[in-house]
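See structure below.
Every number for a ligand or one of its atoms is a count from 1 in the order of the listing. Heavy atoms only: backbone and side chains are in, while hydrogens, waters and symmetry mates are out.
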Amino acid sequence: MTLAALAALGLTGAVAVVALGLYNVSAVAGHLPGVSWVLHTTFRNSVWLRAPSEEEVPELDDAELVALGAGHYATACVPCHGAPGQEASATMRAMVPEPPQIEEAVAHWEANELFWIVENGIKMTGMPGWPAEGRDDEVWAVVAYLESVKGEAAPELVLETSEPEEYCASCHGEVGGQVPRLDILSAAYLEAQLQAYRSGKRPSGIMAQAVTSVPEERLAELARHFAETADEAEEAPVADAELASKGEALAREGTRDVPTCLACHGEREDGRRKGPVLDGQRRGFLEVQLTLWRDGIYDYDPLMHAAARDLSDEDIAALAAYFAGR
Ligand code: HEC
Ligand code: HEC
Ligand code: HEC
């Protein structure tokens, strides 16, 4: 009886706080004593419990992966965490909790913990989660950059770009690795992809951030520009002839239900093809894309998903070597 009465009283109190606005949500007032400690300890322990194990951390020492992460960090994270060596703005210092400057943000966490934080964000702090699902490969690129900040090897961030063309080229013309070249593709295909990233149909946190950083009415023009501008990023030639010839065999092998890769991606007599050009595309990009199609992270073209579904990691490496060298 008394318990029920107490519970009813507690509930009435809680309703009063919510309904009457008794709790002060002012950031200026800060948290009540002890609340910050409770929140921060909860955060730390929650990350420890949920982060992937250290064995799951991929190779992060790769210069192209670090450069890709840096390119994303420059627009997505700098507004809150600043660039290395930069002082926090007065407005960022007034946030509750205050976002730590980058050197401090990375100092107390290992790579696997940083991965969890960047993928999930932190509730009720302003720290956002990754804006696309299933894109561990992209989150690891950002972690590769964060890890580089702990040492001496962090690349300079490209912070000031006046024109969208320059901004897009800071990744597409320079980074290589899993960033595709665009000059082999048609303007119509490029524009369709930009719209697919924008709507989320093609889930990529990195490209979603990029397309929402430029005015939508510029996208068609950007697609035309990049279809016509030669990409000069350096690319190591594919030396592994044996792997490439295994890839060629796979590319010519269809099944009863699914045509061969070349039936859709090779040139036909009328010059049209069902799928985008892959010849001369970057190997790192092809490998990531084929893995996404195989694993169903990308599934918006059912036949493309079916074509990739049964590929092994080795098949993917071989196909990427073949098309990159074609
Ligand atoms: C809108 C502001 C905002 C943006 C944008 C943002 N963060 Fe944060 N981030 C925060 C805040 C606030 C915290 C502190 C949370 C806390 O201490 O409870 C935080 C915490 C972190 C931490 C944990 C550091 C620590 O010990 O508290 C890391 C790592 C981090 N952010 C990385 C990133 C990366 C990488 C990006 C870009 C992909 C990013 N953040 C984008 C606001 C932001
Ligand atoms: C931070 C680096 C970065 C920036 C900046 C960037 N991109 Fe990308 N872009 C990528 C990556 C990585 C991919 C592959 C994404 C995926 O997995 O689908 C990509 C994919 C694309 C594709 C799809 C190509 C294909 O073969 O399917 C187009 C088109 C594109 N980007 C155009 C642009 C344009 C236009 C801009 C400027 C508004 C831009 N990108 C800015 C890294 C970047
Ligand atoms: C039935 C036709 C078809 C077959 C067969 C097919 N693809 Fe595709 N593929 C497509 C289409 C269409 C897309 C683009 C989907 C979209 O963006 O709407 C695509 C996209 C891709 C991409 C991403 C390219 C980029 O620039 O974004 C890669 C890589 C790829 N395919 C490789 C392959 C390989 C390797 C095979 C054989 C194992 C294969 N495809 C078989 C139709 C096909």
Side-chain angles (χ1 to χ4, degrees), residues 39-40 43-44 47 67-81 92 95-100 102 104-109 113-114 117-118 121-122 124-128 130 135 137-139 141-143 145-146 164-165 167-172 175 177-182 184-185 189-194 196-197 202-207 209-211 213-214 218-219 222-223 225-226 247 250-251 253-254 258-265 273-278 281 285-290 292-293 298 300-301 303-304 306-308 311 315-316 319-320 322-323:
L39 291 177
H40 209 80
F43 162 42
R44 188 153 273 286
V47 175
L68 173 59
H72 182 74
Y73 184 93
T75 64
C77 321
V78 161
C80 287
H81 295 288
M92 283 311 134
M95 270 180 81
V96 176
E98 183 186 335
I102 178 160
E104 199 205 319
V106 300
H108 310 291
W109 302 103
E113 296 164 337
L114 289 170
I117 294 171
V118 176
I122 310 163
M124 296 214 292
T125 67
M127 170 63 198
W130 194 252
R135 295 305 306 262
D137 61 299
E138 297 188 319
V139 178
V142 173
V143 174
Y145 171 67
L146 297 179
E165 288 82 0
Y167 162 61
C168 309
S170 70
C171 275
H172 284 282
V175 171
Q178 66 187 70
V179 181
R181 50 188 293 194
L182 304 176
I184 53 175
L185 296 157
Y189 173 78
L190 294 181
E191 191 185 348
Q193 300 311 306
L194 294 175
Y197 288 128
R202 181 172 179 176
S204 159
I206 288 178
M207 274 308 298
Q209 169 68 18
V211 289
S213 301
V214 300
R218 296 288 305 271
L219 294 181
L222 284 168
H225 170 79
F226 283 101
L250 284 167
E253 191 180 278
V258 188
T260 66
C261 311
L262 289 171
C264 292
H265 291 284
R273 34 183 130 207
K274 280 214 184 80
V277 180
L278 306 177
Q281 186 51 280
F285 170 74
L286 293 172
E287 285 186 10
V288 169
Q289 298 300 306
L290 279 168
L292 294 167
W293 282 109
Y298 283 178
Y300 51 90
D301 190 284
L303 274 175
M304 179 55 221
L311 298 174
D315 295 343
I316 286 178
L319 284 161
Y322 168 63
F323 281 108

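Per-residue contacts place Thr260 under 4.0 angstrom from the following atoms of ligand 3 (heavy atoms of the residue considered): 5 (C). Listed by number with element, the atoms of ligand 3 under 4.0 Å from a non-hydrogen atom of Lys274 are 12 (C). Each of the following atoms of ligand 1 lies closer than 4.0 Å to a heavy atom of Leu114: 29 (C). Listed by number with element, the atoms of ligand 1 under 4.0 angstrom from any heavy atom of Val142 are 35 (C). Within the listing of ligand 3, atoms 29 (C) sit less than 4.0 angstrom from a heavy atom of Leu286. Of all atoms in ligand 3, listed by their number and element, those nearer than 4.0 Å to a heavy atom of Arg202 are 27 (O). Atom numbering of ligand 3 starts at 1 in the shown order; those under 4.0 Å from a heavy atom of Phe285 are 25 (C), 26 (O), 27 (O).
Given atom 26 (O) of ligand 2, the protein heavy atom at minimum distance is Leu185 CD1, 3.3 Å. Atom 17 (O) of ligand 1 has as its closest protein heavy atom His40 CE1, 3.4 Å. Here the heavy atom of the protein found nearest to atom 29 (C) of ligand 2 is Leu190 CD2, 3.6 Å. Nearest non-hydrogen protein atom to atom 27 (O) of ligand 3 is Tyr189 OH, 3.0 Å. With respect to atom 23 (C) of ligand 1, the closest heavy atom belonging to the protein is Trp109 NE1, 3.8 Å. For atom 16 (C) of ligand 3, the closest non-hydrogen atom on the protein side is Tyr300 CE1, 3.5 Å.
Under the side chain to side chain contact (heavy atoms under 4.5 Å, CB included) test applied with Leu319, the options Leu311, Leu278, Leu286 reduce to a single match, Leu311.
Distances shorter than 4.0 angstrom do not occur between any heavy atom of Leu262 and any atom of ligand 3. Residue contacts with ligand 2: Arg135 is included, with a non-hydrogen atom under 4.0 Å away. For Glu191, the heavy-atom gap to ligand 2 stays at 4.0 angstrom or more. For Leu68, the closest heavy-atom approach to ligand 2 falls below 4.0 Å.
At a threshold of 4.5 Å between non-hydrogen side-chain atoms, the residues Gln281 and Pro180 count as touching. For the pair Val118 and Trp130, the minimum side-chain heavy-atom distance is below 4.5 Å. Residues Leu68 and Glu138 fail the side-chain proximity criterion, which asks for heavy atoms closer than 4.5 Å. Looking at heavy atoms from C-beta onward, His81 lies in side-chain contact with Met127 at the 4.5 angstrom threshold. Two residues are said to be in side-chain contact when any heavy atoms from C-beta on lie closer than 4.5 Å; Phe43 and Thr125 fail this criterion.
Scanning for side chain to side chain contact (heavy atoms under 4.5 Å, CB included) contacts around Asp301 gives Trp293, Leu303, Met304, with sequence neighbours left out.
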CA sep, side-chain torsions, deciding dist, call: Tyr145, Ile102, side-chain contact (heavy atoms from CB on, under 4.5 Å): CA-CA 11 Å; Tyr145 171 67; Ile102 178 160; 3.8 Å; yes
His265 vs Thr260, side-chain contact (heavy atoms from CB on, under 4.5 Å): CA-CA, chis, key distance, verdict: CA-CA 9 Å; His265 291 284; Thr260 66; over 6 Å; no
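For atom 5 (C) of ligand 1, the nearest non-hydrogen atom from the set Pro97, Ala74, Ala76 belongs to Ala76.
Looking at ligand 2, you'll find an N or O of Gln289 within less than 3.5 Å of one of its N or O atoms. Considering backbone and side-chain N/O of Tyr167, none are found under 3.5 Å from N/O of ligand 2.
Looking at Glu113 and Arg44, no side-chain N of the basic residue comes within less than 4.0 Å of a carboxylate O on the acidic one, giving no salt bridge.
Counting only protein N, O or S atoms closer than 2.8 Å to atom 8 (Fe) of ligand 1 gives 2. Legend: protein N/O/S atoms lying under 2.8 Å from atom 8 (Fe) of ligand 2, waters omitted, number 2.
Ordered by chain and number, His265 NE2, Met304 SD make up the set of protein N, O or S atoms under 2.8 Å of atom 8 (Fe) of ligand 3.
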